[in-house]
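Please read all numbers here as calculations on a predicted model, not as lab measurements.
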Amino acid sequence: MISLRRLAGLRRGFDITAWYLPLGPLLLAASLVPAFHTHGTQLGGLPPRPFDALAVLAIALECLPLTVFRRWPVACLALVSVGFAVDQLRGYHSLAGTALPFALAAVGSRLERHRRATALGFSAAYAELALALYRLGSGEPPGEFVLFYLALVLAWGIGGWLRSARAAEAERRLRVAQETRTAERTRIARELHDVVTHHVTAMVVQAEAARYLTAAPDRLDQTLTAVTDTGRRAISDLRHLLDLLNPDHGTGTRTPSAGRLRTLVEQTREAGQPVEFTEKGTPAPTTGSADLVAYRVVQEALTNALKYAHGSRTAVRVQHTEKEITVEVSTDASASRTASPGGSGRGLAGLRERVDVLGGDFSAGPRTGGGFLVRARIPAGNPS
């Protein structure tokens, strides 16, 4: 049995008029086969009449417009309707009469404007045809004409159903594309924030410290060297991030190696922040995105320590197990009165999103007794 989801998928991908190019000629050829004469649609019950030149013309009007229905749906429906009327009024009753419900389904599926006017015009034309057949003394009860009309309405409804499904699918794809673009822009903004904020904050803090070292040339030279090194790392990280935005570049994201956590800590120490670093355990063979997220947690926490608690003791603890990575970054109460670069609050929110995507836990807030604590539990092995 076909599931409802599968049926919905077939409905969204099905274009009824795509089959009409071969259908028209095939129906025309079948209608001209002598064995099929007078074995088609019989509306009104008029006695059968042998085929003649007018019969061939009526059959052509019914069948051939199907081949160009995708371009001129209303005009083609009018031609098919004229051919059908001649077919029934003359009593040919050809197999080509089957083209009428196909034409109605096609118009219901393709027509975007003046749908109501088209439906009313066709209904009026059908009423005229039914009245003409009744006056010819066919003896057909009025209920038969109503029943046939309802069958045609059903064909129109099927076309409208397919049209609405196609429109819904187009809207869904547009929504998915917009959501994808938004998610990608958010990811890029998050990466830029992580890279730029950390390096620039370190450079600003180092440059501020250099003001007070003019009397100590050696320490001043070390501080300026640290600023230069930080700037070079910022340029390197930005260049890599811009490479990721290049369509010709691979889609993979560079995961910082284990040694880069220690490098990150050393860079923060060079900016004047006392940092204790502890790393325990053995990383899982496959960590997925967990390593990158852990790196970003430490990076953002150290950036905030530089900005809001410059000079305060900071502790970084990283614990690796087979299933997860646990990160804790704590700072004591702020020991610096120096103004620091302002923050937007985007960093911690971005970290929470990163950890949530991997199914982990994230918390950040003041510690009892002063200071601040950032903690994250990140499941390893998730490829997200």
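- Summarising the geometry of P101 relative to A155, their closest heavy-atom pair is O-CB, 3.5 Å, with the distance given to 0.1 Å.
- Within the model, atoms CZ of R317 and CD of E276 stand 7.0 Å from one another, a figure rounded to the nearest 0.5 Å.
- Atom CG of L79 sits about 11.0 Å away from atom CD of E62, to the nearest 0.5 Å.
- Between the side chain of S109 and the main chain of A105, no donor-acceptor pair closer than 3.5 Å is present.
- In the hydrophobic clustering, V68 connects to W72, either directly or through intervening members, whenever side-chain heavy atoms lie under 4.5 Å apart.
- Of all non-hydrogen atoms in A290 and A380, the two that sit nearest each other are CB-CA, 3.9 Å.
- H37 pairs by the side chain to side chain donor-acceptor pair (under 3.5 Å) definition with nothing, not counting sequence neighbours.
- Cluster partners of L150, by chain and number: V146. The rule joins Ile, Leu, Val, Met, Phe, Trp and Tyr whenever side-chain heavy atoms lie under 4.5 Å apart.
- Every residue two or more places apart in sequence or in another chain that forms a side-chain contact (heavy atoms from CB on, under 4.5 Å) with L154 is listed here: I158.
- In the hydrophobic clustering of ILVMFWY residues, with side-chain heavy atoms under 4.5 Å counting as a link, I325 and V265 come out together.
- Among all heavy-atom pairs drawn from L358 and P379, the shortest one is O-CG, 3.4 Å.
- Here OG1 of T118 is found 11.5 Å from CZ of R116. Values are rounded to the nearest 0.5 Å.
- Follow the hydrophobic side-chain contacts under 4.5 Å out from V56 and you never reach L95; the two are in separate clusters.
- Partners of Y126 according to the ring-ring contact (aromatic ring centres under 6.0 Å, His included) rule, which considers only residues two or more places apart in sequence or in another chain, are Y149.
- Not counting sequence neighbours, the partners of L54 by the side-chain contact (heavy atoms from CB on, under 4.5 Å) test are D52, L57, V86, R90, Y92.
- In terms of heavy atoms, F51 sits closest to S31 at CE2-O, 3.6 Å.
- Ring geometry for F84 versus F148: interplanar angle under 30°, hence parallel rather than tilted (30 to 60°).
- For the side chain to side chain donor-acceptor pair (under 3.5 Å) test, no residue two or more places apart in sequence or in another chain qualifies with E179.
- The hydrophobic clustering, which links ILVMFWY residues whose side-chain heavy atoms are closer than 4.5 Å, places L100 and L46 together.
- Rounding to the nearest 0.5 Å gives a distance of 10.5 Å between SG of C76 and CG of L64.
- Between R175 and Q178, the side chains place no donor N or O within less than 3.5 Å of an acceptor N or O (distance only, hydrogens not considered).
- Listed for the Q88 side chain is no donor-acceptor partner under 3.5 Å among the backbone atoms of A130.
- In this structure, CG on L111 lies 10.5 Å from CZ on F69, to the nearest 0.5 angstrom.
- For the side-chain hydrogen bond (donor to acceptor under 3.5 Å, both in side chains) condition, the pairs that include at least one residue of residues 94-106, sequence neighbours left out, are D87-S94.
- Linking ILVMFWY side-chain heavy atoms closer than 4.5 Å, directly or via other members, places L129 and V107 in a single hydrophobic cluster.
- Other members of a hydrophobic cluster containing L147 are absent, since no ILVMFWY side chain comes under 4.5 Å of it, directly or through relayed contacts.
- Formation of a donor-acceptor pair under 3.5 Å by the Q273 side chain with backbone atoms of S312 is found in this model.
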Query - Stepwise salt bridge (Lys or Arg N to Asp or Glu O under 4.0 Å) check, R166 with E169 - result: CA-CA 5 Å; R166 190 168 58 246; E169 175 65 10; over 6 Å; no

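- Evaluation of the side chain to side chain donor-acceptor pair (under 3.5 Å) rule for R115 yields no partner, not counting sequence neighbours.
- Counting heavy atoms from C-beta outward, R110 and R70 have side chains that approach closer than 4.5 Å.
- The two residues A103 and L77 make their nearest non-hydrogen contact at CB-CD1, 3.9 Å.
- Looking at heavy atoms from C-beta onward, T67 lies out of side-chain contact with L23 at the 4.5 angstrom threshold.
- V318 pairs in a side chain to side chain contact (heavy atoms under 4.5 Å, CB included) with only one of the listed residues (V329, L261, V297, T278), which is L261.
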Listing, residues 362-373 side-chain donor-acceptor contacts under 3.5 Å, not counting sequence neighbours, or none:
residue : atom : partner : partner atom : Å
R367    : NH2  : T331    : O            : 3.4
R367    : NH2  : D332    : OD1          : 2.9

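- Remark: D361 engages R377 in a side chain to side chain donor-acceptor pair (under 3.5 Å) (not counting sequence neighbours).
- Note that CG of L32 is 5.0 Å distant from CD1 of I59, once rounded to the nearest 0.5 Å.
- Residues L133 and F145 form a side-chain contact, since some pair of their non-hydrogen atoms from C-beta on lies under 4.5 Å apart.
- Taking the charged nitrogens against the carboxylate oxygens, E266 and R269 do have a contact shorter than 4.0 Å, which makes a salt bridge.
- Residue C63 comes nearest to A96 through the heavy atom pair SG-CB, 3.5 Å, listed as atom of the first residue, atom of the second, then distance.
- Within the 4.5 Å cutoff, the side chain of L302 has heavy atoms near those of the L264 side chain.
- Hydrophobic clustering (ILVMFWY, side-chain heavy atoms < 4.5 Å, transitive): V82 and L43 are in distinct clusters.
- Side-chain contact between L351 and R296: present, with at least one pair of heavy atoms (C-beta onward) separated by less than 4.5 Å.
- Contact check on R163 versus E112 returns a salt bridge, with a Lys/Arg side-chain nitrogen under 4.0 Å from an Asp/Glu carboxylate oxygen.
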